[in-house]
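Okay, so here's the structure we're looking at.
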2 protein chains.
Amino acid sequence: MRKETSTNTLNKEQIESMCGMAYTISVLSGRWKLSILGFLLDGGTLRYSELKRKTAGISERMLIAQLKDLEADGLIERKAYPEVPPRVEYKLSKKGKSLETILNLMSAWGEDNKGIRP
Amino acid sequence: MRKETSTNTLNKEQIESMCGMAYTISVLSGRWKLSILGFLLDGGTLRYSELKRKTAGISERMLIAQLKDLEADGLIERKAYPEVPPRVEYKLSKKGKSLETILNLMSAWGEDNKGIRP
DNA sequence: TATGGTACTGACAAAAATGTGAGAAATGAG
DNA sequence: CTCATTTCTCACATTTTTGTCAGTACCATA
């Protein structure tokens with residue numbers, strides 16, 4: 001996804017050798033990842049089509065891309081059933097669930113602060 | 001910064017009417033914002049030149065841009081002294097400081113999880 | 001008069017992220 | 001045979017973010 005030649009590119013190993021914050025950011029950044037994690041926190045196990053419905057507004061291409069990223073980073077698990085038409089279920093992994101506290105705090109902070117004019 | 005005509009643009013009001021998470025993300029997203037907040041959490045009050053030194057690697061243009069964003073969102077405070085050569089100090093606002101718990105948790109989560117191969 | 005330090009600004013370009021729209025594969029229902 | 005359903009994939013275009021690099025303004029100091 002990133003070009004290795006780019007001056008401003010940090011590859012996986014570089015990121016993982018950095019501070020914890022950098023890794024957390026790298027794993028959560030992406031316009032829809034937190035939404036997806038939120039839906040899976042609420043919904044437990046969801047089919048692709050259910051996620052698609054819940055994330056109305058996001059393009060299919062991006063939904064798939066973000067799901068792939070989240071799976072590659074070990075935050076969600078994908079299970080495909082050999083049926084026709086296909087059925088694929090997504091759910092949080094243990095690692096994904098361990099973000100729950102942080103996600104809740106971020107949400108709460110936003111609620112508390114979003115209206116405030118400094 | 002964003003074009004109002006863009007399909008995928010959410011303006012400030014729209015974001016603030018959304019869930020808290022969306023607001024939190026909108027305020028923290030930007031490649032260097034969390035680093036800057038981290039430095040200010042550690043360092044208290046810092047001059048522009050000190051921030052510049054600490055964020056070696058980030059271009060000056062971006063550093064300024066992110067400082068402006070953070071200030072506009074009320075997370076940091078800027079104080080300019082009428083001297084020559086100029087002196088400008090930055091520090092966290094109360095709102096900025098209130099992110100401390102979240103930032104620490106994110107950092108800790110990253111440390112705990114960055115090495116793990118799912 | 002020239003120089004140097006500090007905190008920026010602006011034009012331009014490259015890179016990254018996201019969107020759009022079309023289509024693929026597999027198979028049971030009609 | 002044709003169609004509908006589901007989970008994706010691909011080529012291409014646009015939007016957004018970030019980087020590069022050259023300047024600016026101020027005045028004290030040499």
Side-chain angles (χ1 to χ4, degrees), chain A residues 1-12 15 25-36 45-72 76-91, chain B residues 1-12 14-15 22 25-36 45-72 76-91:
Chain A
M1 182 166 281
R2 287 161 185 262
K3 293 191 182 178
E4 299 305 329
T5 56
S6 164
T7 307
N8 68 345
T9 289
L10 298 173
N11 67 29
K12 209 84 182 179
I15 286 174
I25 299 307
S26 82
V27 149
L28 295 182
S29 69
R31 192 156 164 196
W32 307 101
K33 285 188 188 168
L34 289 154
S35 302
I36 293 172
T45 299
L46 295 176
R47 295 186 59 160
Y48 172 76
S49 55
E50 295 175 300
L51 278 169
K52 184 171 147 190
R53 193 161 30 78
K54 285 173 187 288
T55 56
I58 167 175
S59 65
E60 210 150 0
R61 181 189 169 290
M62 282 314 297
L63 176 55
I64 298 275
Q66 310 260 301
L67 287 170
K68 284 234 156 93
D69 280 359
L70 290 170
E71 194 195 355
I76 66 176
E77 287 163 8
R78 192 189 99 113
K79 181 165 185 186
Y81 296 84
E83 301 173 3
V84 169
R87 178 159 61 108
V88 178
E89 291 180 345
Y90 292 91
K91 63 173 185 169
Chain B
M1 182 164 280
R2 285 158 186 265
K3 292 192 182 175
E4 298 306 328
T5 55
S6 165
T7 308
N8 66 347
T9 291
L10 297 173
N11 67 29
K12 208 85 182 177
Q14 286 175 313
I15 286 174
I25 298 308
S26 82
V27 149
L28 295 183
S29 69
R31 189 155 165 199
W32 307 100
K33 285 189 187 167
L34 290 154
S35 301
I36 294 172
T45 299
L46 295 176
R47 295 185 61 161
Y48 174 76
S49 54
E50 294 174 301
L51 279 169
K52 186 170 143 189
R53 193 162 29 77
K54 285 172 187 288
T55 56
I58 167 174
S59 66
E60 208 149 1
R61 181 188 169 290
M62 281 313 296
L63 176 55
I64 298 275
Q66 310 260 297
L67 287 170
K68 285 236 156 92
D69 280 358
L70 290 170
E71 193 195 356
I76 66 177
E77 287 163 9
R78 191 189 100 113
K79 182 167 185 187
Y81 296 84
E83 302 173 1
V84 168
R87 179 159 60 107
V88 179
E89 291 179 345
Y90 291 91
K91 62 172 186 171

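Chain letters run A, B, ... following the sequence lines, proteins first, then strands; residues in each count from 1.
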Taking atom P of D/dT17 as reference, at what distance in whole Å does atom CD1 of B/Ile58 sit? 15 Å
Mind checking if B/Lys52 touches a base, just sugar-phosphate, or nothing, with heavy atoms under 4.0 Å? nothing
A/Met62 CE - C/dG21 P separation (whole Å): 17 Å
Applying side chain to side chain donor-acceptor pair (under 3.5 Å), can you list everything that pairs with A/Lys33, at least two apart in sequence or on another chain? A/Asp69
Using 0.5 Å steps for rounding, measure from the CD1 atom of B/Ile25 to the CG atom of A/Leu34. 4.5 Å
So, does A/Gln66 get its side chain near the phosphate of C/dT18, meaning an N or O under 4.0 Å from OP1 or OP2? yes
To the nearest angstrom, how far is B/Trp32 atom CH2 from D/dT17 atom P? 16 Å
With a 4.5 Å heavy-atom cut-off, do A/Lys52 and A/Leu63 have their side chains touching? yes
In this structure, CZ of B/Arg61 is separated from CD of B/Gln66 (nearest 0.5 Å) by 10.0 Å
Are A/Lys54 and A/Leu46 packed together at the side-chain level, in the sense that at least one heavy-atom pair is separated by less than 4.5 angstrom? yes
Considering only nitrogen or oxygen atoms on both sides, find all protein atoms under 3.5 Å from nucleotides 9-11 of chain D and state each distance.
| from | atom 1 | to | atom 2 | distance (Å) |
| --- | --- | --- | --- | --- |
| D/dT9 | OP1 | A/Lys68 | NZ | 3.2 |
| D/dT9 | OP2 | A/Lys68 | NZ | 2.7 |

For the side chain of B/Arg31, starting at C-beta, report the closest nucleotide among C/dT6, D/dC8, D/dT18. D/dT18
Donor-acceptor pairs under 3.5 angstrom involving side-chain atoms of residues 80-90 of chain A: please list them, not counting sequence neighbours.
| from | atom 1 | to | atom 2 | distance (Å) |
| --- | --- | --- | --- | --- |
| A/Tyr81 | OH | A/Glu89 | OE1 | 3.1 |
| A/Glu83 | OE1 | A/Arg87 | NE | 3.3 |
| A/Glu83 | OE2 | A/Arg87 | NH2 | 2.9 |
| A/Arg87 | NH1 | A/Glu89 | OE2 | 3.2 |

Five pairs at each end of the helix from C/dT1-D/dA30 to C/dG30-D/dC1: take the axis at both ends and give me the angle between them to 10°. 30°
Between protein and nucleic acid, restricted to nucleotides 28-30 of chain C and to nitrogen or oxygen atoms under 3.5 Å apart, what atom pairs and distances do you find?
none

Name the nucleic acid region contacted by A/Glu89, choosing base, sugar-phosphate or nothing; use a 4.0 angstrom heavy-atom cut-off, strictly under. nothing
Separation between OG1 of A/Thr45 and CD of A/Glu77, rounded to the nearest 0.5 Å: 9.0 Å
Taking 4.0 Å as the cut-off, does a side-chain nitrogen or oxygen of A/Tyr90 come that near to OP1 or OP2 on D/dC8? yes
Please tell me if A/Arg47 has a side-chain N or O lying less than 4.0 Å from either OP1 or OP2 of D/dT5. no
Strictly below 4.0 Å: does A/Arg78 bring a side-chain N or O up to OP1 or OP2 of D/dC8? yes
At less than 4.0 Å, is any side-chain N or O atom of B/Ser49 found next to OP1 or OP2 of C/dA7? Yes or no. yes
Rounded to whole angstrom units, what separation is found between the OH atom of B/Tyr81 and the C1' atom of C/dC8? 18 Å
Once rounded to the nearest 0.5 Å, what's the spacing between atom CG of B/Leu67 and atom CG of B/Leu51? 6.0 Å
By side-chain contact (heavy atoms from CB on, under 4.5 Å), which residues pair with B/Ile64, not counting sequence neighbours? B/Tyr48, B/Lys68
To the nearest angstrom, how far is B/Leu63 atom CG from C/dC8 atom P? 9 Å
Measure CG/B/Leu51 against C1'/C/dC8 and give the value in whole Å, please. 14 Å
